[in-house]
Amino acid sequence: MAEISSSLLYAAFIIYFIATAVFAVALTDKKADKGESMSKWGRWGYILSIVGFLSQLGYFITRWIASGHAPVSNLFEFTTFFGMMMVLGFIVIYAIYRLNVLGVFAMPIALLIIAYASMFPREIEPLIPALQSNWLKIHVTTAALGEGILAISFVAGLIYLIATIDQSKGSKKTGWLEFVLYTLLSTLGFILVSISFGLMDYQTTFEWVNENDTKAELVYEMPAIAGPHEGKMLTEGNFGPIFEAPAWMEGVDAPKKLNTFIWSLLSGLILYGLLRLFLRQRLGASLKPMLKNINTELVDEISYRAVAIGFPVFTLGALVFAMIWAQEAWTRFWGWDPKEVWALITFLFYAAYLHLRLTRDWHGERSAWLCVLGFVIIMFNLIAVNLVIAGLHSYA
């Protein structure tokens, strides 16, 4: 059953990739991208997206059967589910607006999220006692669904910014837009670097005192730029470390994760530099011509609608259900654990967005920037809070 599950996830990944290409072809249909009709290519892209989603849903169900519990208990499973919920959010939003350019951007970002998930351990493990509750599937799946829908607001906001920001000269806006595109490339870079060193079977072992004050060995699968604090390198002849991770980083295997994070930034920087050399202009300027026929008012409406749908779902899953489970597990509704704090920050941010949008008339560019920033908060909560900051939610 586990093999079937893996095959279905792989099939979904391939189908999503093909759907992206089909949506790109559909962009040539100017009439459809004005929201007037669904083109032939757009229809096929949408059908492929649904088929890919059903395949990934098959992965989810078969992995659930194989493991005996909801497959959202570690970073691989949660991040994969988050990518699936983003595709579901796209399917729902596309059914309403039928905007092909949304598929050109949403599907690759969902692919990046799923590929990023595959970099974490994928083995099926028994559920640890702390997660043996029905609230696992209720709280985590609802929170991921809300984040997946909110991610579509980021996609629409990014499209709006690329389409409207003046690229004829450098400015703070073009700089920040390039930074957003660079972070997406960093995710791609992380995947490429992980695959490359994985194919080389690269490993470096350190002896160190871990977060439980116990002497242990830590195995790096990438060259060590940041080594463990006061660690001793046991593998001879390998690269590094250049410096030690700060002692205050107390998450599970925090030095190794910091090292991975640094590699992501460096690989993204290299990819960005190579693309700039090849294109000889900013990435935003390169993408802008393909968006010249889109209806920016419609894109702005999509970003708002995605938040309007995703916000209550996220609130229910990440706050309400989370507090009920916290009361049951820890006899208190709220404890200021880092994950709880960032869930609250995410809630307050999108509440402020809706307030500014509805009462202060924050439409267009300002609304788009907020949607982009909201996704940054979600990804910080997913990556940094899970990987680096120690807390009651550090299960992976």
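Excluded from the calculations below are hydrogen atoms, water molecules and symmetry mates; all remaining heavy atoms, backbone and side chain alike, are included. Since we're looking at a predicted model, the values are computed, not measured. The chain is numbered in sequence order, starting from 1.
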Exercise for review: With ring-ring contact (aromatic ring centres under 6.0 Å, His included) as the test, would you mind laying out the steps for Phe206 and Tyr220 before giving the verdict?
Suggested key: CA-CA 8 Å; Phe206 287 90; Tyr220 281 43; 5.0 Å; yes

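- With a 4.5 Å cut-off on side-chain heavy atoms, Trp334 and Glu340 count as touching.
- Annotation: side chain of Leu185 is in contact with side chain of Leu283 (closest heavy-atom distance under 4.5 Å).
- Note: Phe90 and Tyr46 have perpendicular aromatic rings, judged against thresholds of 30 and 60 degrees for the angle between ring planes.
- Under the 30°/60° scheme for interplanar angles, the aromatic rings of Phe311 and Phe347 are found to lie parallel.
- Between Phe82 and Phe78, the ring planes are parallel. Angles under 30° get that label, and only those over 60° would be called perpendicular.
- When only modelled atom types and interatomic distance are considered, Arg282 and Gln167 share a side-chain donor-acceptor pair under 3.5 Å.
- Of the charged side-chain nitrogens involved, none lies within less than 4.0 Å of a carboxylate oxygen, so that Glu3 and Arg63 do not count as a salt-bridged pair.
- Between Phe23 and Trp41, the distance from one ring center to the other does not fall under 6.0 angstrom.
- Around CZ of Phe197, the count of heavy atoms belonging to other residues, nucleotides or ligands within 6.0 Å exceeds 12.
- In this model, a donor atom of one side chain and an acceptor atom of the other lie less than 3.5 Å apart for Arg276 and Tyr272.
- Inter-residue side-chain proximity for Val219 and Thr204 is flagged as unmet; no heavy-atom pair is nearer than 4.5 Å.
- Residues Phe314 and Glu147 meet the side-chain proximity criterion, which asks for heavy atoms closer than 4.5 Å.
- For the residue pair Asn100 / Tyr94, a side-chain donor-acceptor distance below 3.5 Å is found, with atom types taken as modelled.
- Annotation for Phe243: atom CZ counts as buried by contact number, over 12 foreign heavy atoms lying within 6.0 Å.
- Atom CZ of Phe321 has more than 12 neighbouring heavy atoms from other residues, nucleotides or ligands inside a 6.0 Å radius.
- Within the 3.5 Å criterion, the main-chain N or O of Gly284 finds a donor-acceptor partner in the side chain of Glu178.
- Following chains of ILVMFWY side-chain contacts shorter than 4.5 Å, one cannot reach Ile124 starting from Val140, and the two form parts of different hydrophobic clusters.
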Point to revise | Worked verdict on Tyr353 versus Ser367 for side-chain hydrogen bond (donor to acceptor under 3.5 Å, both in side chains) | key: CA-CA 8 Å; Tyr353 167 87; Ser367 172; 2.9 Å; yes

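- Cation-pi check for Arg366 over Trp369 is not met; the charged atom does not lie both under 6.0 angstrom from the ring centroid and within 45 degrees of its normal.
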